[in-house]
Visitor: 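Okay, here's the structure, questions in a sec.
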Amino acid sequence: MEIYHGSYTKILSPQILKGPFTKDFGDGFYCTEIRKQAQKWAKRYDTPIVNIYEYQPNNHLKTLYFKEMTDEWLDFVVNCRRGIEHDYDIIEGPMADDQIWNYVEAFIDGRIPRKAFWEIAKFNYPTHQIVFCTEEALKTLTFEGSDTL
């Protein structure tokens, strides 16, 4: 499967990215199967670059897959955004973009109930992310090239 990572530089050897801000599925190297989404990520930078990788799944790794936004997905994202660690190598599923994240925060804070979150969230366009959380997971990626936007 071909996947993409939006950045400001060519990344021949991906690394686990850790930072002060928590993300949907925790620390890791985030990619997507949607080229347009990776382009959007890259356009946040002055020199936008989309890196292209071949992803070869490894059945020996611990993976978690969310086909769509569900209560399980929401609870997992909330835990990761709160900094609660997990032990998965690879996690794949929808992305809580900025708009969805605002609704997630409102849910966490108790400003909207779970049912209201789902009513609001169902009108958003499809997103996808796959995060490689361990060094073993990164071995499933092969750099294929990059495009400067």
Side-chain angles (χ1 to χ4, degrees), residues 1-109 117 120-149:
M1 171 169 61
E2 191 170 83
I3 60 174
Y4 312 96
H5 175 85
S7 183
Y8 59 88
T9 188
K10 185 184 293 189
I11 302 173
L12 300 171
S13 301
Q15 298 177 1
I16 307 298
L17 302 177
K18 297 183 181 208
F21 304 107
T22 53
K23 297 197 177 347
D24 288 356
F25 298 152
D27 292 333
F29 184 73
Y30 281 76
C31 294
T32 180
E33 62 187 14
I34 304 170
R35 183 186 287 264
K36 192 172 189 175
Q37 185 176 303
Q39 291 170 342
K40 183 178 175 182
W41 291 346
K43 287 179 180 176
R44 296 177 296 179
Y45 305 107
D46 291 336
T47 55
I49 295 175
V50 173
N51 292 282
I52 306 162
Y53 302 92
E54 180 66 29
Y55 166 52
Q56 185 66 36
N58 178 339
N59 294 332
H60 299 290
L61 297 177
K62 186 173 181 181
T63 61
L64 179 60
Y65 175 69
F66 295 103
K67 182 178 180 179
E68 57 192 15
M69 291 181 187
T70 61
D71 281 338
E72 181 185 13
W73 170 88
L74 177 58
D75 293 338
F76 192 84
V77 168
V78 167
N79 286 339
C80 288
R81 290 278 186 147
R82 287 181 170 161
I84 298 171
E85 295 186 16
H86 58 76
D87 64 349
Y88 290 98
D89 295 298
I90 299 172
I91 306 165
E92 182 175 3
M95 181 179 86
D97 62 12
D98 292 341
Q99 184 177 9
I100 291 291
W101 179 242
N102 290 335
Y103 305 141
V104 171
E105 284 184 321
F107 169 71
I108 290 170
D109 295 342
F117 170 83
I120 297 167
K122 72 181 179 183
F123 294 107
N124 283 279
Y125 59 90
T127 59
H128 173 267
Q129 62 188 338
I130 181 167
V131 61
F132 301 85
C133 306
T134 63
E135 293 300 322
E136 282 303 307
L138 291 176
K139 292 178 183 177
T140 65
L141 298 176
T142 303
F143 180 79
E144 296 289 318
S146 63
D147 294 327
T148 302
L149 304 180

Visitor: Under a 4.5 Å cut-off applied to non-hydrogen side-chain atoms, are Leu74 and Val104 in contact?
Guide: yes
Visitor: For the residue pair Val50 and Leu149, establish whether any side-chain heavy-atom pair is separated by less than 4.5 Å.
Guide: yes
Visitor: Taking the six-membered ring for Trp, are the ring centroids of Phe25 and Tyr88 within less than 6.0 Å of each other?
Guide: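 They do not qualify: ring centres at least 6.0 Å apart.
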Visitor: Roughly how far, to the nearest 0.5 Å, is the SG atom of Cys133 from the CD1 atom of Ile90?
Guide: 8.0 Å
Visitor: Hey, what do you get for OG (Ser13) to CZ (Phe29), rounding to the nearest 0.5 Å?
Guide: 10.0 Å
Visitor: Angle class for the Phe76/Phe66 ring planes (parallel below 30°, perpendicular above 60°, tilted otherwise)?
Guide: tilted
Visitor: Check whether any side-chain heavy atom of Leu64 lies under 4.5 Å from a side-chain heavy atom of His86, and answer yes or no.
Guide: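 Answer no - side chains too far apart.
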Visitor: Within a radius of less than 6.0 Å around CD of Gln15, do more than 12 heavy atoms belonging to other residues, nucleotides or ligands occur?
Guide: no
Visitor: Kindly compute the distance separating CG (Asp147) from NZ (Lys10), expressed to the nearest 0.5 Å.
Guide: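 It is 10.0 Å, given to the nearest 0.5 Å.
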Visitor: I want to check something: taking the side chain as every heavy atom from C-beta on, are Thr127 and Gln37 in contact at a cut-off of under 4.5 Å?
Guide: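 Yes - at least one pair of side-chain heavy atoms lies under 4.5 Å apart.
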Visitor: Can you find a heavy atom in the side chain of Asp24 that is under 4.5 Å from one in the side chain of Val131?
Guide: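 They are not in contact (no side-chain heavy atoms under 4.5 Å apart), so the answer is no.
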Visitor: To the closest 0.5 Å, what do you measure between CD (Glu2) and CD (Glu54)?
Guide: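 Result: 7.0 Å between the selected atoms.
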Visitor: Evaluate the side-chain proximity of Asn58 to Gln56: yes if any heavy-atom separation is below 4.5 Å, no if none is.
Guide: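 No. Closest side-chain heavy atoms not under 4.5 Å.
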Visitor: Looking at Trp73 and Pro94, would you say the former's side chain and the latter's main chain have a donor-acceptor pair under 3.5 Å?
Guide: yes
Visitor: When rounded to the nearest 0.5 angstrom, what is the spacing between CD in Glu136 and NE2 in His60?
Guide: 11.0 Å
Visitor: What I'd like to find out is whether the side chain of Lys23 reaches to under 4.5 Å of the side chain of Leu17, using heavy atoms alone.
Guide: no
Visitor: Hey, does the side chain of Arg81 reach the backbone of Val78 with a donor-acceptor pair shorter than 3.5 angstrom?
Guide: no
Visitor: Nearest 0.5 Å, what's the CG-NZ distance between Leu61 and Lys139?
Guide: 9.5 Å
Visitor: Determine whether Asp27 and Glu85 make a side-chain contact, defined as any pair of heavy atoms from C-beta on separated by less than 4.5 Å.
Guide: no
Visitor: With a 6.0 Å cut-off (strictly less than), is the heavy-atom count around NZ of Lys62, excluding the residue itself, greater than 12?
Guide: yes
Visitor: Ring centres of Tyr53 and His5 under 6.0 Å apart?
Guide: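 Centroid distance Tyr53-His5: not below 6.0 Å, so no.
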Visitor: For side chain to side chain contact (heavy atoms under 4.5 Å, CB included), just list the numbers for Tyr4 and Ile34, CA-CA rounded to whole Å, side-chain angles, deciding distance to a tenth of an Å, and then say yes or no.
Guide: CA-CA 7 Å; Tyr4 312 96; Ile34 304 170; over 6 Å; no
Visitor: Got a sec: does the OH of Tyr45 have more than 12 other heavy atoms crowding it under 6.0 Å?
Guide: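 Buried by this count: over 12 neighbours within 6.0 Å.
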